[in-house]
Amino acid sequence: QVQLVESGGGLVQAGDSLRLSCAASGRTFSSAATGWFRQAPGKERDYVAGISWNGVLTYYADSVKGRFAISRDNAKSTVYLQMNSLKPEDTAMYYCATGRFLRGMEEMRPDYWGQGTQVTVSS
């Protein structure tokens, strides 16, 4: 089993930046597809960014493309989400997940979830 723990969320103002971290334990992390999802109250949980096992391929939802950057450091068993130019619409609980990609990287089917870290962007 893979355990995932997110950190780095917080309260920021529009235009600010945050870097989220997802620390993983378990022997399969380096070979797993990894991504970030977010869920605002009353909304569906949306897939926002994904990264291949070697960090070469990335995917971003249109809503975050050009502002967010996903990366991973397998030596540290950590995946990151750099979030720049944050908007109030980015306010959500952000979840790290590992699993499988479908349709290239357009869809991700998680096998494991972290508990989430809250990101709140004030207007």
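Put simply, the side chain of Ser52 gets close to the backbone of Leu57: a donor and an acceptor are under 3.5 Å apart. Formation of a donor-acceptor pair under 3.5 Å by the Gln82 side chain with backbone atoms of Phe68 is not found in this model. For Glu6 (side chain) and Gly116 (main-chain N/O), a donor-acceptor pair under 3.5 Å exists by modelled atom type. Of the possible donor and acceptor atoms, one in the side chain of Thr117 sits under 3.5 Å from a partner among the backbone N and O of Gly9. Asp46 contributes no side-chain N or O that, together with a main-chain N or O of Val48, makes up a donor-acceptor pair within less than 3.5 Å. At least one donor-acceptor pair under 3.5 Å links the side chain of Asn74 to the backbone N or O of Trp53.
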* Going through the distances and angles, do Gln118 and Thr91 end up as a side chain to side chain contact (heavy atoms under 4.5 Å, CB included)? -> CA-CA 8 Å; Gln118 178 67 40; Thr91 295; 4.1 Å; yes

* To do: Apply side chain to side chain contact (heavy atoms under 4.5 Å, CB included) to Met108 and Leu102, showing your working.
  => CA-CA 6 Å; Met108 184 176 172; Leu102 300 175; over 6 Å; no

* Would you please test Gln13 and Val121 for side chain to side chain contact (heavy atoms under 4.5 Å, CB included) and show each step? => CA-CA 5 Å; Gln13 298 188 69; Val121 184; over 6 Å; no

* To do: Determine, step by step, whether Cys22 and Trp36 satisfy the side chain to side chain contact (heavy atoms under 4.5 Å, CB included) criterion, reporting the C-alpha distance in whole Å, the side-chain angles of both residues, the deciding distance to 0.1 Å, and the verdict.
  => CA-CA 9 Å; Cys22 174; Trp36 289 90; 3.7 Å; yes

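Side-chain contact between Asp90 and Arg67: present, with at least one pair of heavy atoms (C-beta onward) separated by less than 4.5 Å.
When all heavy atoms of Leu4 and Ala97 are compared, the pair lying nearest together is CD1-CA, 3.8 Å. Summarising the geometry of Gly8 relative to Leu18, their closest heavy-atom pair is O-CD2, 3.6 Å, with the distance given to 0.1 Å. For the residue pair Gly114 and Tyr95, the shortest heavy atom distance occurs at O-CD2, 3.6 Å. Here the closest non-hydrogen pair linking Val79 and Cys96 is CG1-SG, 3.6 Å. Across Ala40 and Ala92, no two heavy atoms sit closer than the pair N-CB, 3.9 Å. Of all non-hydrogen atoms in Ala33 and Phe101, the two that sit nearest each other are CB-CE1, 3.1 Å.
With Trp113 as the aromatic partner, Arg45 meets the cation-pi criteria of under 6.0 angstrom to the ring centre and within 45 degrees of the ring axis.
Atom CG of Leu86 sits about 10.0 Å away from atom OG of Ser122, to the nearest 0.5 Å. In this structure, the separation between CD1 on Ile51 and OG1 on Thr98 is 13.5 Å, given to the nearest 0.5 Å. Distance check: Ser21 OG to Arg72 CZ gives 13.5 Å after rounding to the nearest 0.5 Å.
Under the side chain to side chain contact (heavy atoms under 4.5 Å, CB included) criterion, Ala49 pairs with Tyr60, Ile70, Leu81, not counting sequence neighbours. Shown here are the side chain to side chain contact (heavy atoms under 4.5 Å, CB included) partners of Gln3, two or more places apart in sequence or in another chain: Gln1, Ser25. For Arg100, the side chain to side chain contact (heavy atoms under 4.5 Å, CB included) criterion is met by Arg109, Asp111, not counting sequence neighbours. Here Ser63 pairs with Arg38 under the side chain to side chain donor-acceptor pair (under 3.5 Å) rule; sequence neighbours left out. Residues passing the ring pair (Phe, Tyr, Trp, His ring centres under 6.0 Å) test with Tyr59 are Tyr47, sequence neighbours excluded. Shown here are the salt bridge (charged side-chain N to carboxylate O under 4.0 Å, His left out) partners of Lys87, two or more places apart in sequence or in another chain: there are none.
Gln39 CD: more than 12 foreign heavy atoms inside a 6.0 Å radius. Residue Gln115 places its CD atom among 12 or fewer non-hydrogen atoms of other residues, nucleotides or ligands, all under 6.0 Å distant.
For the residue pair Thr78 and Asp73, no side-chain donor N or O sits within less than 3.5 Å of a side-chain acceptor on the partner.
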